[in-house]
K.L.:
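Below is the structure I would like to discuss, written out as C-alpha cells.
For clarity, every value in this text was computed on a predicted model and none was experimentally measured. All values below were derived from every heavy atom in this structure, side-chain atoms included, with hydrogens, water molecules and symmetry-related copies excluded.
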Amino acid sequence: MPPMAPSELRVCRSAAWGALAGRVVLPWALHGERIGPEVLEIGSGAGAMAEELLARHRDVRLAATDLDETMVADAEQRLARFGDRATVRRADATGLPFGDESFDTVLSFAMLHHVIEWEKALAEALRVLRPGGSLVGYDLLATRFNRAVHLVDRSPHRLFSFGELRAVVDDLPVDRAVLVPGLGGLVARFSLRKRGPSS
C-alpha cells in the first residue's frame with residue numbers, strides 16, 4: 001500500500017475537509033447503518049471522520065489506522081480528547097494487525113483505490129469482523145474524472161468499476177451486500193454484512 005501524495009496530505013489535514021467530513025460525508029457514508037460498539041476505521045487519514053463518529057456515538061470504541069506516519073500522528077493528536085475510547089496505529093490495510101473477529105463494524109472511506117491490492121483489503125476487513133458485523137463505506141469509481149484527478153496529483157491508485165467491485169464482493173463471506181452508485185457515478189457506497197455461523 002503506497003503512502004499518500006502531498007496533495008492528499010494537504011486535503012486530509014485541512015479544516016475544510018474536517019468540517020465537510022463530519023457534517024456531510026459521514027452521515028451520507030453511513031446511510032443509517034448501525035455501528036459499534038467496537039469499530040475499526042481503515043485508512044483514517046488525519047482522523048476527521050473518526051472524530052465526528054466518536055463525538056456522535058458515545059458508546060463506540062474506535063481503532064483508527066493509516067499507513068502514513070504523518071496521518072497517524074495527526075489522528076493521534078485529534079483523537080486524544082476521547083481517551084481510551086480511541087486508539088490510533090500505523091497499519092497496512094492488506095495485513096491488518098488485529099485478530100480474527102475483533103470488531104463489530106469496519107469502516108472504509110475513500111481509501112480502497114489507494115491500496116492497489118484493494119481485493120486483499122476487503123478480505124482483511126471481513127477477516128477482522130465478527131459474524132453479523134458490517135463493513136461500511138464508500139470509494140471512488142473508475143470514471144474519466146476520477147482518473148484525471150489522480151493523474152494530476154500523481155497519487156498511487158487503482159480505481160475499479162462498479163462491476164469489478166460487485167464481482168469481488170460476490171466472492172466474499174457475506175450474507176447481505178448493498179452496493180449503491182452515487183454522486184453521478186463517481187462513487188459507490190457499500191454495506192457488507194459478514195456471514196454468521198447459521199448463514
K.L.:
I'd like to know whether Arg85 forms a side-chain contact (heavy atoms from CB on, under 4.5 Å) with Leu54, so could you lay out the CA-CA distance, the side-chain angles of the two residues, the decisive distance to 0.1 Å, and finally the verdict.
P.N.:
CA-CA 8 Å; Arg85 289 181 54 218; Leu54 287 162; 3.6 Å; yes

K.L.:
Measure across Glu124 and Thr94 and return the closest heavy-atom pair with its distance rounded to 0.1 Å.
P.N.:
CG-O, 3.5 Å

K.L.:
Please round to the nearest 0.5 Å and tell me the distance separating atom CG of Leu107 and atom CG of Leu30.
P.N.:
6.5 Å

K.L.:
Are Ser134 and Arg34 close enough that some pair of their side-chain heavy atoms sits under 4.5 Å apart?
P.N.:
no

K.L.:
Taking the side chain as every heavy atom from C-beta outward, state whether Ile35 and Asp104 have any atom pair closer than 4.5 Å.
P.N.:
no

K.L.:
Checking side chain to side chain contact (heavy atoms under 4.5 Å, CB included) against Glu33, which of Val178, Thr105, Val136 comes through?
P.N.:
Val136

K.L.:
Going by heavy atoms in the side chains, are Leu62 and Leu40 under 4.5 Å from each other?
P.N.:
no

K.L.:
Do the side chains of Leu183 and Leu26 join up, straight or via other hydrophobic residues, at under 4.5 Å, putting them in one cluster?
P.N.:
yes

K.L.:
What distance separates Ser44 OG from Leu79 CG, expressed to the nearest 0.5 Å?
P.N.:
7.5 Å

K.L.:
How far apart are the closest heavy atoms of Arg127 and Lys194, and which atoms are they?
P.N.:
O-NZ, 3.5 Å

K.L.:
Phe98 ring centre to Arg89 NZ or CZ under 6.0 Å, with the angle to the axis within 45°?
P.N.:
yes

K.L.:
One pair to check against side-chain contact (heavy atoms from CB on, under 4.5 Å): Leu165 and Leu122. What are the steps and the verdict?
P.N.:
CA-CA 10 Å; Leu165 178 61; Leu122 285 174; 4.1 Å; yes

K.L.:
To the nearest 0.5 Å, how far apart are CG in Asp66 and OG1 in Thr70?
P.N.:
9.5 Å

K.L.:
What's the spacing between Thr65 OG1 and Met71 CE if we round to 0.5 Å?
P.N.:
13.5 Å

K.L.:
Minimum heavy-atom separation for Val60 and Gly36, please, with both atom names.
P.N.:
CG2-CA, 4.2 Å

K.L.:
Are Glu101 and Arg130 ion-paired here, with the side-chain N under 4.0 Å from a carboxylate O?
P.N.:
no

K.L.:
Quick one: do the Ser191 and Arg176 side chains pair a donor with an acceptor below 3.5 Å?
P.N.:
yes

K.L.:
Between the main-chain N or O of Asp68 and the side-chain N or O of Arg90, is there a donor-acceptor pair closer than 3.5 Å?
P.N.:
no

K.L.:
Between Phe109 and Asp139, is there a side-chain heavy-atom distance shorter than 4.5 Å?
P.N.:
no

K.L.:
Which distance, rounded to the nearest 0.5 Å, do you find between the CE of Met111 and the CG of Leu140?
P.N.:
12.0 Å

K.L.:
Distance check, rounded to the nearest 0.5 Å: Asp92 atom CG versus Glu117 atom CD?
P.N.:
8.5 Å

K.L.:
Can you hop from Val168 to Leu129 via hydrophobic side chains spaced under 4.5 Å?
P.N.:
yes

K.L.:
If two hydrophobic side chains count as joined below 4.5 Å and joins carry through other members, does Leu179 share a cluster with Val106?
P.N.:
yes

K.L.:
Would you call the rings of Tyr138 and Trp28 parallel, tilted or perpendicular, taking 30° and 60° as the class edges?
P.N.:
perpendicular

K.L.:
Report yes if the side chains of Val187 and Leu141 come closer than 4.5 Å at any heavy-atom pair, otherwise no.
P.N.:
no

K.L.:
Asp84 and Arg61: which non-hydrogen atoms are nearest, and at how many Å?
P.N.:
O-NH1, 3.0 Å

K.L.:
Please report the C-alpha distance between Arg81 and Glu51 in whole Å, then the side-chain angles of each, then the deciding distance to 0.1 Å, and finally whether the side-chain contact (heavy atoms from CB on, under 4.5 Å) criterion is met.
P.N.:
CA-CA 9 Å; Arg81 70 184 174 106; Glu51 179 181 35; 3.5 Å; yes

K.L.:
Can you find a heavy atom in the side chain of Trp118 that is under 4.5 Å from one in the side chain of His113?
P.N.:
no

K.L.:
Closest heavy-atom contact between Ala177 and Leu192?
P.N.:
CB-CD2, 3.7 Å

K.L.:
Which residue pairs pass the ring-ring contact (aromatic ring centres under 6.0 Å, His included) test with at least one member in residues 54-93, sequence neighbours excluded?
P.N.:
none

K.L.:
Looking at Phe190 and Leu112, what are the two nearest heavy atoms and their distance?
P.N.:
CZ-CD1, 4.1 Å

K.L.:
Taking it one step at a time, do Asp175 and Arg193 satisfy side-chain contact (heavy atoms from CB on, under 4.5 Å)?
P.N.:
CA-CA 6 Å; Asp175 61 17; Arg193 186 176 64 199; 2.8 Å; yes

